[in-house]
There are 2 protein chains.
Amino acid sequence: MPKQVDHTSRRLHIARAVCHLADERGLEGVTLRDVAAKAQVSMGAVQRCFRTKEEMLVFALEYVGELIMERIQTRLVRSPAQSAGTALGHAATEISLLRKEHRAEARVWLAFVAQAVVSKALAKTLKANYAALQEAFTRLISEADEDTHRAVPLDPRREARTLLALADGLTTHVLIGQLTPREAHDVLHTHMASLWD
Amino acid sequence: MPKQVDHTSRRLHIARAVCHLADERGLEGVTLRDVAAKAQVSMGAVQRCFRTKEEMLVFALEYVGELIMERIQTRLVRSPAQSAGTALGHAATEISLLRKEHRAEARVWLAFVAQAVVSKALAKTLKANYAALQEAFTRLISEADEDTHRAVPLDPRREARTLLALADGLTTHVLIGQLTPREAHDVLHTHMASLWD
DNA sequence: CCCGTACCGATGCGCTCGCATCAGAACGCC
DNA sequence: GGCGTTCTGATGCGAGCGCATCGGTACGGG
């Protein structure tokens, strides 16, 4: 066996470069040459890792998706000390990106969402991520609602959809500068409070 | 004076072609040549109407923005027979595009939103539209809340932000197929009900 | 009637894109 | 240590892009 290269780590390395570029100039501004330059590898290396540009983009989307999902799932793990509702609030807040160090990921995410509308390959990955997120939210809301004994219980699925859509919409509005992160947080907090407090 | 041409109507005609293409293939797939072909005019005509491609895109965004805003504003006009809350519900539903004949506009809108994150010219127009919408929502919510005498009145601005973000998020989720229009409507209806019914 | 001006459509230019190609370097195995 | 396989980076290619240009055309005023 001759020279061997760790393709997996290189693909990740390139995916990160893709995200940096997508953040700076949008998805349209991502070219193979620029990706190679940003990742400090030759164009040939990029081409060997991904047969086509779209394959590269899909991989990058999956990468960013995993990053974000992981971050949210961390918040969703209900620590003994906190209620399910609190965990949900944290998770939703995480989505609405109060922290600016995660703003870049969200910009990339938004770019991919827009692209997914016209690209089947991207749409598939995107939907899978959203479905998983909705599932997790549904479970936690159901859990939180059992703690609260109320006359008419919530419909967990519907509330999960609401929360997810709201968080997503807030994210978008923060990204384009229509809302400040603080305002988004305020909206989210009030919404959560209307459910349980 | 020699031959004269109605530039305004031609610009609108071209803007419609831009929207059709953006709907079909995304914003990236919009080229001057294709726009000219779709609009059934020569490339030269397009170039005379718009000095650069970006100028054309900005104009198209404004056009689509006006279309959508007009449609929503129509719903927001409170007819004597209906409560302010009902009007709001209709308007929000309109945003969440139950009707598939307006799906195309929303796709174009989403494409522009994603692009606006990296383009200042687009962002300016976009924010102006959102601000106007939020203003209208705020006013109507305030109105609706005065009708309902409750102990703790709502914060109209915050509720407007909530409603707008929720409607926007739902729109996105419908567009990528994560939700059906029916589910989106259900979510929106329940949210409105939690405010006033 | 005809001249000047504003429109028209076609073509060309320079550039960048994604992708293919290829000679040479690097490395594990016999 | 030679060999074969795998990796490497540079270069080429055809296509498509935005934009500039230009001769021809149609039309209104003098």
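A, B, ... follow the sequence lines: proteins, then strands. Residue 1 opens every chain.
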What is the distance, rounded to the nearest whole Å, between atom [atom1] of [X] and atom [atom2] of [N]?
X	N	atom1	atom2	answer
B:H7	C:dC8	NE2	C1'	11 Å
A:L27	C:dG18	CG	P	12 Å
B:M43	D:dC19	CE	P	9 Å
A:E28	D:dC17	CD	C1'	13 Å
B:I14	C:dC8	CD1	P	10 Å
A:R10	D:dC7	CZ	C1'	8 Å
A:E54	C:dC19	CD	C1'	15 Å
A:R25	C:dT16	CZ	P	12 Å

5' priority, DNA chain C, between A:G44 and B:G44 [closest heavy atom]
B:G44
Using OP1 and OP2 only, check whether a side-chain N or O of [X] sits under 4.0 Å from [N].
X	N	result
A:R48	D:dT8	yes
A:R33	D:dG9	no
B:T31	D:dC17	yes

Of all the nucleotides listed ([options]), which has the minimum atom distance to the side chain of [X]?
X	options	result
B:K53	C:dC19, C:dC8, D:dC19	D:dC19
B:L32	C:dC17, D:dT8, D:dC19	D:dC19
A:S42	D:dC17, D:dG9, C:dC8	D:dG9

Touch check for A:V35, heavy atoms < 4.0 angstrom, all strands: base, sugar-phosphate only, or nothing?
nothing
Base, sugar-phosphate, or nothing for A:V30, non-hydrogen atoms under 4.0 angstrom?
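Touches sugar-phosphate only.
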Which heavy-atom pair separates A:T125 from A:E62 by the least distance, and what is that distance?
CG2-CG, 3.3 Å
Which heavy atom of A:L61 sits nearest a heavy atom of A:W109, and at what distance?
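Heavy-atom minimum between the residues: CD1-CZ3, 4.0 Å.
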Donor-acceptor contact present, side-chain B:R161 to main-chain B:Q134, <3.5 Å:
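Checked: no pair found.
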Indicate yes or no for a side-chain donor-acceptor contact from B:T162 to the backbone of B:R158 under 3.5 Å, with no hydrogens or angles considered.
yes
Please walk me through it: do A:R103 and A:D23 pass side-chain contact (heavy atoms from CB on, under 4.5 Å)?
CA-CA 9 Å; A:R103 213 71 57 86; A:D23 173 35; over 6 Å; no
